Amino acid sequence: MALPPTIAELLQFDRASEGVVAQGWVRTRRDSKSCSFIELNDGSTARGLQVVVDAGCSDAALMPQILTGASLRVRGDLIASPAAGQRWELQARSLEILGPCDAAYPLQKKGHSPEFLRSIAHLRPRTQLFGNLLRVRSRLACAVHEFFQQRGFHWVHTPIITSSDCEGAGEMFRLTTQKTNEVLGAKGDFFGRPTYLTVSGQLQGEALACAMGRIYTFGPTFRAENSNTTRHAAEFWMIEPEMAFFDLEADMTLAEEHVRFMASHMLQNSTAELEFFGRFVDKEVQARLEQTASQRFERISYTDAIEILLASGRTFTHPVVWGEGLQTEHERYLAEEHVRGPVTLYNYPRAIKPFYMRRNDDGKTVAAMDLLVPGIGEIIGGSQREERLDLLLEAMQAQGLESSDYDWYLDLRRHGTVPHSGYGMGFERLLMFATGISNIRDVIAFARTPGHAFT
RNA sequence: UCCUGAGUAGCUCAGCGGUAGAGCGGGUGGCUGUUAACCACUAGGUCGUAGGUUCGAACCCUACCUCAGGAGCCA
């Protein structure tokens, strides 16, 4: 038995066709003396199907009940549209209301504010904005796999439940079956030790890379930071490649190729969605993607970046000092004004970076890199990992970490250690870059941020 | 968590000391192969909550709640 066709499939027909069935939700209805026009959408495509119901149609009497939001099944003939605006339209023979929709339906034909749409997360997927976003999200997720699969990477699955309480990436959500007053990780607790939701699959990813060569993870990640910004969520999807025999140079090259690949993919495969985002969300989005897809990325060492900032003649709110982290205003200046495009910063001071990053020969810096894009800021953060046991132990000690907590991780350096590198890319941040949507809460269907875990 | 701003009709907002308004959406009628259609009429609001100032508060003051933007942290 054939699958019911989507509207996207109907619109791709190359000839008129009698007796087709279309199903979907009503976006708008317009009445004329001789007929009514219904725009029907089923999520398969940005443009809906125009259904024409002649006044003489046996089901024309249903028209007053066909309000925005109602779900319909329409049988009719797909014909070339005599009017401008669409190639095909469906001349209805019969209509069936699958689910009526009353006047309390909150979505209208007009645009809504993102804040209002967030309050109806279960209905906002029916808007054009979210339909377009969710289709892009799906395609770009596949594109991530294409990118890595073409380059000999293996997709691995690192655990979501983790027992290392210090993966070096922020506050963690505790996971327990204990009742309120019992101790996390006590004897009766499920795992018999404290467990958390993962903040990064990197450490396990290193173990897998030191066997499989090139691997990547792509899955949910959890951070319990009380961050209230347009770029942070408590639950987000992260892509973390980890490569044996890659130094920082190769790591940066891969990261740049990755961003460029995603930009090209968006331009080639999501043209209808991109046009929508360019019209209603961000006029610059297409130009930015084209620039990213074609331009060579700049690379600037941290030390040179400090020089550039000092020479800029700008007064920044936060002082520019070698050894301090770069503030958002500094990163914005570098990406948006100095380079005017994507830029990779590398070789950061040792003191401000985690223990696992590889110490450079100067003794002062580590082989770390951040890839910044205009408008979003950091989209990728990565490093070459410290593969030398003695230096790794030294770095752990300097940061007050207990080496016995990382025994299995240190073991990788004891048994056939190799130079290796990796990075993390925030998938939602990539989507923000690809669509121009400026708030992370609007690129994930059901966003989790501090105080918000509804739906 | 800190700083700033905002909460008025289902939605987007105007009103900023003197009897609550518009557009959209809903209803009714009209017009038109329409394209976020158009025209007329109509229903719809304890002005975030609780106090206070005043003859009188949506408007001024205080506290709280909620939301947004910026910062920190980062992906």
Side-chain angles (χ1 to χ4, degrees), chain A residues 27-39 47-55 64 67-69 79 81-86 89 91 101-120 123 127-128 167-171 199-202 217-218 220-240 255 276 279-280 316-318 325-329 331-332 352-354 370-373 376-382 423-433 438-444 449-452:
Chain A
R27 275 272 166 72
T28 73
R29 193 194 90 220
R30 298 174 290 274
D31 295 328
S32 128
K33 184 170 243 166
S34 58
C35 58
S36 290
F37 301 94
I38 298 167
E39 191 186 329
R47 287 295 308 269
L49 174 66
Q50 172 158 284
V51 175
V52 184
V53 187
D54 282 336
L67 301 178
T68 301
I79 60 168
S81 179
Q86 59 282 314
E89 64 185 30
Q91 186 70 45
C101 188
D102 63 26
Y105 187 61
L107 295 173
Q108 301 175 8
K109 307 174 190 184
K110 303 274 179 188
H112 290 94
S113 69
E115 294 81 17
F116 173 66
L117 293 176
R118 276 172 220 152
S119 72
I120 47 166
L123 292 174
T127 62
Q128 289 205 75
E167 289 175 339
E171 289 293 310
V199 293
S200 165
Q202 182 199 314
T217 70
F218 183 10
T221 308
F222 307 87
R223 305 258 169 108
E225 300 287 350
N226 188 15
S227 295
N228 291 285
T229 80
T230 54
R231 305 182 302 283
H232 292 86
E235 177 182 309
F236 64 99
W237 282 58
M238 187 153 67
I239 301 144
E240 294 183 286
F276 175 87
R279 218 171 120 204
F280 292 105
F316 294 104
T317 312
H318 298 85
L326 294 174
Q327 303 296 316
T328 299
E329 56 174 341
E331 294 185 343
R332 289 186 74 108
I352 59 169
K353 290 292 182 182
D370 281 350
L371 199 163
L372 312 178
V373 293
I376 313 286
E378 185 180 342
I379 195 169
I380 284 177
Y423 61 80
M425 172 190 269
F427 186 51
E428 281 75 16
R429 289 193 183 170
L430 177 75
L431 287 168
M432 291 166 73
F433 183 64
S438 60
N439 195 312
I440 198 165
R441 287 168 274 213
D442 301 327
V443 294
I444 187 163
T449 52
H452 295 267

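Since the model is a prediction, treat every value here as computed from it, not as a measurement. Below, chains carry the letters A, B, ... as their sequence lines are ordered, and counting in each starts from 1.
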For [N], the Watson-Crick or wobble counterpart (both distances under 3.5 Å):
N: rA40(B); answer: rU28(B)
N: rC2(B); answer: rG70(B)
N: rU62(B); answer: rA50(B)
N: rG33(B); answer: none
N: rA22(B); answer: rU12(B)

Would the distance check show the side chain of [X] and the main-chain N or O of [Y] forming a donor-acceptor pair, the cut-off being under 3.5 Å?
X: T229(A); Y: H232(A); answer: yes
X: R429(A); Y: R231(A); answer: yes
X: E329(A); Y: H318(A); answer: yes
X: R29(A); Y: S36(A); answer: no

Classify [X] by what it touches in the nucleic acid, base, sugar-phosphate, or nothing, heavy-atom distance under 4.0 Å.
X: E89(A); result: base
X: H232(A); result: base
X: R118(A); result: sugar-phosphate
X: A104(A); result: nothing
X: I379(A); result: sugar-phosphate
X: S81(A); result: base
X: L430(A); result: nothing
X: Q50(A); result: base

Does the side chain of [X] get closer than 4.0 angstrom to OP1 or OP2 of [N] through an N or O atom?
X: Q108(A); N: rG10(B); value: no
X: R441(A); N: rA68(B); value: yes
X: T328(A); N: rG72(B); value: yes
X: S36(A); N: rU34(B); value: no

### Message
Walk along nucleotides 36-44 of chain B from 5' to 3' and tag each nucleotide B, S or - by protein heavy-atom contact under 4.0 Å, base first, then sugar-phosphate.
### Response
BB-------
### Message
One character per nucleotide, please: for nucleotides 3-8 of chain B, 5' to 3', B when the base has a protein heavy atom closer than 4.0 Å, S when only the sugar-phosphate does, - otherwise.
### Response
------
Which nucleotide wins on minimum distance to the side chain of [X], given the candidates [options]?
X: F37(A); options: rG72(B), rG70(B), rG33(B); result: rG33(B)
X: N228(A); options: rU1(B), rC73(B), rU34(B); result: rU1(B)
X: P82(A); options: rG33(B), rC11(B), rC67(B); result: rG33(B)
X: A83(A); options: rU35(B), rG26(B), rC74(B); result: rU35(B)
X: R223(A); options: rA75(B), rC73(B), rG33(B); result: rA75(B)
X: R231(A); options: rA71(B), rC11(B), rG33(B); result: rA71(B)
X: Q86(A); options: rU34(B), rA71(B), rA75(B); result: rU34(B)
X: E115(A); options: rU1(B), rA68(B), rU32(B); result: rA68(B)

### Message
On the side chain of S227(A), is there an atom forming a donor-acceptor pair with the base of rC73(B) - under 3.5 Å, no angle test?
### Response
yes
Atom-pair distance ([atom1] on [X]; [atom2] on [N]), nearest Å:
X: I376(A); N: rA75(B); atom1: CD1; atom2: C1'; answer: 12 Å
X: I38(A); N: rG33(B); atom1: CD1; atom2: P; answer: 17 Å
X: L117(A); N: rC11(B); atom1: CG; atom2: C1'; answer: 10 Å
X: E171(A); N: rC73(B); atom1: CD; atom2: C1'; answer: 10 Å
X: E235(A); N: rA75(B); atom1: CD; atom2: P; answer: 17 Å

Looking only at atom [atom1], what distance separates [N] and [M], rounded to whole Å?
N: rC47(B); M: rA9(B); atom1: C1'; answer: 10 Å
N: rC13(B); M: rG45(B); atom1: C1'; answer: 15 Å
N: rC67(B); M: rU8(B); atom1: P; answer: 14 Å
N: rC39(B); M: rC55(B); atom1: P; answer: 48 Å
N: rA22(B); M: rU4(B); atom1: P; answer: 37 Å
N: rG21(B); M: rA58(B); atom1: C1'; answer: 12 Å
N: rG10(B); M: rG69(B); atom1: P; answer: 24 Å
N: rA6(B); M: rA43(B); atom1: C1'; answer: 30 Å

### Task
Ignoring hydrogens and angles, state whether a donor on the side chain of R223(A) or T221(A) is under 3.5 Å from an acceptor on the partner side chain.
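The criterion, which ignores hydrogens and geometry beyond distance, is not satisfied for T221(A) and R223(A).
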Residues that [X] engages under side-chain contact (heavy atoms from CB on, under 4.5 Å), provided they are two or more places apart:
X: Q108(A); result: H112(A)
X: F280(A); result: F276(A)
X: R27(A); result: E39(A), N41(A), Q128(A)

### Query
With a centroid cutoff of 5.5 Å and a plane-angle limit of 30°, would you call F236(A) stacked on rA75(B)?
yes
Side-chain donor-acceptor pairs of residues 233-240 of chain A under 3.5 Å, sequence neighbours excluded:
from    : atom 1 : to      : atom 2 : distance (Å)
E240(A) : OE1    : G201(A) : N      : 2.7
E240(A) : OE2    : S200(A) : OG     : 2.8

